[in-house]
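Presented below is the structure to which this report refers.
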Amino acid sequence: MTVFFVFVFLPLFTFAQDRIAIKGVVRSETNAALSGVSVTVKGTSQGTTTDANGQFSLTVNKGVSLTVSHVGYETVEIVVDRANPAMEIKLFPATTALSDVVVIAYGTVQRKDFTGAVSSVKMENSPLALLPNMNALEALKGSVTGLNVGAVTSSGGQPSILIRGQRSISGSNDPLILLDGVVYLGSISDINPDDIASYDVLKDAVSVAAYGSRSANGVIAITTKKGKIGKPVVSFKTETGIQRWQRRPVMLKGADWINMVNDKNKYAAGSTNWLQAGELANLKAGNETVWLDKVTQTGITDNQQVSISGAAQNVNYYLSSSYDDEKGIVVGDKYKHVNVLGKVNTKVTSWFQLGADGAYSRRDYSGTAANVGSAEIMSPYGVLYRDNSGDLEKYPYTQSLVNPLWGVNDGTVKNVDVYNTFRLNSFAVVKAPWVDGLSYRVNFSTNFEKRQSGNFYFENYYIKEGAGIAGRYDPASVQSLLSNANGNIDNTSTTNYVLDNILAYSHRFGKHQIDATAVATRDNLRVEDLNATGSDFAANGNTSLGFYGLSKATVQKVVLNNTERSNVGYLARLNYSYDDKYYLTSSFRRDGASVFGADKRYANFAAAGVAWKISEESFLKDFKPLNYLKLKLSWGQNGNQGLSPYATLSQVQNAAAGDARYEFSDAQGKILYGLVQTTLGNPSLGWEKTTAINTGFESAWLGNRLFVDLDLYSSKTTDQIFVRTIPIMTGFSTQLASLGEVDNKGIELSIRTENIHTANFGWSSTVTFWKNSNKLKHLYGEDKNGDGKEDDDIANNFFIGKSLGAIYGFKQIGIVQTGDAAYIALTGAAPGAPKYADINNDGKIDANDRTILGYSKENFRLNFSNTVRYKNLELYVMVAGIFGGNGYYMKSNTAAYMTSGTGRFNDNTIAKPYWTTNNPSNTYPSAYFSGDGRFLGLQSQAFVRIQDAALSYNLNFPLLERNHITGAKVFFAAKNLATFTHWVGGDPETGTPVQNNTFPVASSYSLGLNVSF
Amino acid sequence: MDDKFLNKNPQTFYTTDNIFSSSAQIDQAVLAIYSQLRDMWANPTEQGWTFVFRGNGTDMYDVPSIRRANTFNNYGTINPNRDEFYKNFSAWYTIIAKANLAIKSADLPNITWAKPADKAYTLAQARFFRAFAYRNLAELFGGVPIVKDVATAAKFNYARATRVETYQFAIDELLAIENDLPITTAQGGRLVRGAAQHNLCELYLAMGTQLAADGDAAGASKAFANSIDYGNKVIDGGTYALMKNRFGSRKTETQGNVYWDLFQENNVNYQDGNTECIWAIEIDYAAFKAEDPRSKLPYSRAYGPVFRNGSPKNLQGTLEDVGGRGIADIIPTLYTRDGIYQGVYANDMRNSEIVFRRTFLGNVPSSPYYGQPVPWSVLYDNQDDQSLDYPVSCKIATDKYTGLADGQDRSNLFRDDYFIRLPETILLRAEAKQRSGDKAGAAADVNLLRTRANCGYLVTAADMDDNFNTILDERSRELVYEECRWNTLLRMGGTIAVDRIRKYAFWPEAQATLTFNYNLWPIPQLVIDANKDVKLAQNPGWH
């Protein structure tokens, strides 16, 4: 199994004293000097790290062992028995990190000994760490098979995360996050990406079963950085970047816009009489506004990070502080983030270990962003400024559409949105002195988040619309609007804690290794929300106190909203291995959750897995091309709560918190509040349960030049909770309900190759591919129409035997043409309207002609990344794609086809070759077609994009060394460089159409510097 | 210990299991229905589906050129998948569910009522609303599933009752509570007995019409007789009378007339001395300012013309001189604005300048009509402009907007409005009489309104045509912006609705695309799909 070679040249011998001075250099397998390598005396705190030239020096006792370790490389040990001034140590890359430790539930295990499906990603010193990711999970995008990370569109935003396909329809699909081994119930945004050493993504049932109820959506374990033995290391990183809107739509301008408006309203060609006075003046003067230019800017990101870390024999510490400042692409979109983390871990005695870490995070999203949607529809001749001093006109064409910049920087609105989060993690481990291998660990983790948010709309926000109202902006007019001024402050406190009690026993006898674990855990999450509103400041006379003057408002209101959820879990797990070849994992867990009714509260989850390191067997040991092969098979159950607290109850809204108000004539101004049942409860809801089988292998070939990992899984999820459309005759249009069974099947393949491997030049590639498909097996188990097959549920788009995400409707077969007399007579459709197929050939187009048109679900994902290294220069590029085909990954995109239908007669749009008698398009409806309740305009979201690129250079010259700088790297990184897709509108991954107020997915380019000393 | 840890009950809201503890809360459950109905009549949030409910797409209302996309008159695009049908259908069943909750909770053992009459009145209001909902559903959609109980679980096997059964259920409900409603109340806006009797008049008329269509002449004639009886109770019962003389807050002004007085602030409620008001929609400006933003009539905005777009060279702005800040969500068709006042019908108080304003003085200095009335030939210079320029009813605009000092912008009226005004009862009775064969009686009823309106022409039995054009025209004159026109047209059955739409729709699409006949709205496709265990039949004509 040892695939490393150590060349130690020891030309000098000194026996004169016990203490000897040693010097050495650490190089990679290609002879590149490795900086920052940890060189420690085994079993002590003594040690150092290599400098920029890979050199180190130490004075040690004779006979000690040196441990030389570096992330991504196999660790080597060297016994020092002679002093040598020119010790040369070579490190070899770790082979898919087989010897690495992976985080599993309530413990860690060596990857090679693990029976489940786990993908690990190293962040420390990886090109991924160079990318300008503001969120800890973005770095995983495309790197982990089976893990779908969504796009981030706003400053400081969080991506969506999905492991192995959609499990829960209405419940959360968010995976469970473990932070340093403990369930993390806080916000992922509060974890500084630069503090992260590695990720382990646990995917199959046996890996996650230990988390039973919480784990159906997979588990992402985040391990933060630790100090390394040696002198304290100070690292500094600075990174500055810009962001741009890559696929910004081009809206119509000038005559094209006027023609479009005339066509869509059937106005006479060339008419401009519908333009308002201000617009006409602009038309005459040739002034046009490209509103998207006005609401967007070059985004700027700025990230500074400093950390100090180190370790001694019995103590290990890591301190960091970071500051992010982001100015988004959309004017007014801002984000500031301060993060401080301190970690200490100490061995008090040989049998007692204590650790604690504390973190503080402040996220500030305050500010009002411009309205992208209204910028896309605004009249290009609209009046941007009302005067020559750059003061905005609120209503650019005097109709109700508000200037997209209104409220952004004009002082009419004040927005506050700040999160302050405190986290404390602590643990203690006691090794039972009387039983070897028995230990007890207690984890206590708590998180307190306080969010303050709110808006204050000053009186001048409510400037009247319309021409002809003289002096709309005059102080007297503005003052008369004081009764409209209003604001709110929302204080939300979220407190959570997790308490784990873990009893572990580890014992080896002969070739047998036993690891037994028993866990009792409980957690609690409580949200207290207090929203105070105040409106009408006429009596007060001004709003100069802004938010803080809410108590001066004539009308004041307080709304409280608290939620709380609790969970308990008990776990027993046994891991057994024989001869380091055969592995067995089994676990059983019982869970209780507060979100369910009292009799549906508890559930049991079992799992078992086996692995066989077949390459260790004698019959394969001599098979040269194969270096390593592990086969694995696992089975297990896990659960999902699929519900938010109280969702099973029939809820009632009343008083001022509700939405029903009325007055009677006998008491003017006295508001009476109605009482309304808002949901139809369903106390029968219980756990969503998934039973899954996973099989696959991990392998290394051709002298560790080719690594192939494959996982196949099949799972069955029962009692999935979803929002069901029900007959409105109940008084409710939807109810939470559960459906029978959904089967998921999937394949995950990862191939890594070391293509070229020389001293100065290296090239490695990784391909990841994964595909998940699901099938609705059972719905409600009913056959009411008596056809011998279980009934579909059309109202909810569920079809037995088909994938979830079915799009059911009328099949469009082009556009009605002038000559389609029979179709026109049949349907009344006008030429230029969409034309639908008479699927059942009954001479009518009606509900019976509907069919499944496609699926919103994607087909598969394929990512390809390359790392090319030349001397000190390294380039990393990832190309990522999400693919459709066979009707998959489709979405309705009516805005791509329709010109009308937005509600306003003059809304702008992108250029479309819409149907006219002279342009009998069979794709684009006429400009005046405004929707018929049936037209979907399905489009594929499939795309390929150059997702990530990072170019870095290790600085390596004497000046650095003289200044005690041990490592320095400059880098250029870019994200989302180019996207190739047929989707029309915004980003294909977010599936944003035009005329939508969703922020763009940024393309970012950044330049940074890492220095450590 | 775990169980205790896992018991987390909501702290900041109630559930149906723990909310009801006092009779006041039963009234709150009823109050929620008043609130919802106000939304459906006044449409303060300008919902497209509500404009349809209030008449968009009928012979009376259409959309302007700037809102052709919101048309409800292009039958190439109107089908059972349209949201407008589902939302209308849903609105009534939400009201039924609210009523059922109030009815069920009124009997909870822990509810104490001060006196039995309080309970009877609260229950009577809830049951009225339930009956009211079924009347509307049956008129618009035909026979529908009758739900009398609170749903505690979802159900998927509702079955349609017939239209007659649905009307009958509503009738039985109203008969049961008629006497539990007070004849009058001090709380303007609360339901009174007259509201139930008016609805009984309409329900019997509707049921008789359907029975006649079904071939049950005897049943029909009995129903029409009942309708006339209930009409008589309201019209001749002594509580209500047409207002024939100037009254109310502005009666001393030289401008105006009695019809105009009916639509002024502080004049709408029965409690204000308006004996035509049977049931009012309550609007309260103080409440609006405080925290009920839906307590408003956005009529100037939603129903008002857009001269500034339709004739920008002559008329600009959003002041009183152009009827306020109109955006014309829906517009009156040429039938509504001009057609019903042709020839002998021109001389009518309801067509007087103050009631139906047709004179607009040019306010653009460069206009040849600056300070002069802009001729309609100019305002109607093409169909697009004609759709934006139209006369302004005193029901949708005013010369005295409330709230200007508080920054209001002439979009909203802050007066009460009518759910039921006596003239509608009179027109229902007229129709019942005509359907009973008493054309003279019908003409006499119509003339009650025409006399009050000082009309130059009174109708005769000969005018009472078999397609009810005279009654429908009179409804348009008297009840413009008040009646629910779809209910009227569809209640009448036959091809009345489609014939009139083809004839009077503003835009040509209706005639071109209404290639089939229907006399009920379709059952929304989503309702059919969701009710998966029993197939609900689609109404004839829809595809």
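Every value quoted in this text rests on a predicted model; they were computed, and no experiment measured them.
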Exercise. Does NZ or CZ of A:Arg522 come closer than 6.0 Å to the centre of the six-membered ring of B:Phe5, within 45° of the ring's axis?
Worked result: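 Yes, cation above the ring, under 6.0 Å and within 45°.
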
Restricting to non-hydrogen atoms, name the atom on [X] and the atom on [Y] that form the minimum distance, rounded to 0.1 Å.
| X | Y | result |
| --- | --- | --- |
| B:Tyr86 | A:Ser733 | OH-CB, 3.6 Å |
| B:Leu526 | A:Thr725 | CD1-CG2, 4.0 Å |
| B:Lys532 | A:Arg724 | CD-NH2, 3.4 Å |
| B:Arg82 | A:Gly931 | NH1-O, 4.0 Å |

Exercise. So B:Ser65 and A:Phe905, side chain to side chain contact (heavy atoms under 4.5 Å, CB included) or not? Walk me through it.
Worked result: CA-CA 8 Å; B:Ser65 60; A:Phe905 79 105; over 6 Å; no

Distance, nearest 0.5 Å, that separates [atom1] of [X] from [atom2] of [Y]:
| X | Y | atom1 | atom2 | value |
| --- | --- | --- | --- | --- |
| B:Thr94 | A:Gln677 | OG1 | CD | 12.0 Å |
| B:Asp39 | A:Tyr662 | CG | OH | 10.0 Å |
| A:Ser900 | B:Arg68 | OG | CZ | 9.5 Å |
| B:Asp533 | A:Asp791 | CG | CG | 7.0 Å |
| B:Lys155 | A:Ile726 | NZ | CD1 | 12.0 Å |
| A:Asn273 | B:Ser311 | CG | OG | 9.5 Å |

For this session: Give a yes or no on whether a salt bridge exists between A:Arg590 and B:Asp2, defined as a side-chain N under 4.0 angstrom from a carboxylate O.
Result: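 No, this pair does not count.
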
Exercise. Between B:Asp409 and A:Arg472, is the closest basic N to carboxylate O distance under 4.0 Å?
Worked result: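 No, A:Arg472 and B:Asp409 are not salt-bridged.
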
Exercise. With distance as the sole test, does A:Thr730 use its side chain to make a donor-acceptor pair with the main-chain N or O of B:Ala151 at under 3.5 Å?
Worked result: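 Pair absent, no side-chain N/O of A:Thr730 close to backbone of B:Ala151.
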
Side chains of [X] and [Y] only: does a donor on one sit below 3.5 Å from an acceptor on the other?
| X | Y | result |
| --- | --- | --- |
| A:Arg526 | B:Gln11 | yes |
| A:Tyr673 | B:Asp292 | no |
| B:Asn9 | A:Glu564 | no |

Exercise. Which of parallel (below 30°), tilted (30 to 60°) and perpendicular (above 60°) describes A:Phe664 and B:Tyr34?
Worked result: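 It falls in the perpendicular class, over 60°.
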
For this session: Indicate the ring-plane relationship of A:Tyr646 and B:Phe13, choosing parallel, tilted or perpendicular according to the 30° and 60° boundaries.
Result: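 Ring orientation of A:Tyr646 relative to B:Phe13: perpendicular.
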
Below 4.5 Å from any heavy atom of chain A, which atoms of [X] appear? Answer side chain, backbone, both or neither.
| X | answer |
| --- | --- |
| B:Thr185 | neither |
| B:Lys98 | side chain |
| B:Leu536 | side chain |

Option that, when pairs with chain B are counted at under 4.5 Å, heavy atom only, ranks first among [options]:
| options | result |
| --- | --- |
| A:Gln651, A:Met729, A:Gln479, A:Arg601 | A:Met729 |
| A:Asn785, A:Asp792, A:Leu672 | A:Leu672 |
| A:Leu649, A:Ile671, A:Asp846 | A:Ile671 |

For this session: Before giving the answer on salt bridge (charged side-chain N to carboxylate O under 4.0 Å, His left out), spell out for A:Asp666 and B:Arg190 the whole-Å C-alpha distance, their side-chain angles and the decisive distance to 0.1 Å.
Result: CA-CA 10 Å; A:Asp666 59 331; B:Arg190 282 276 183 194; over 6 Å; no

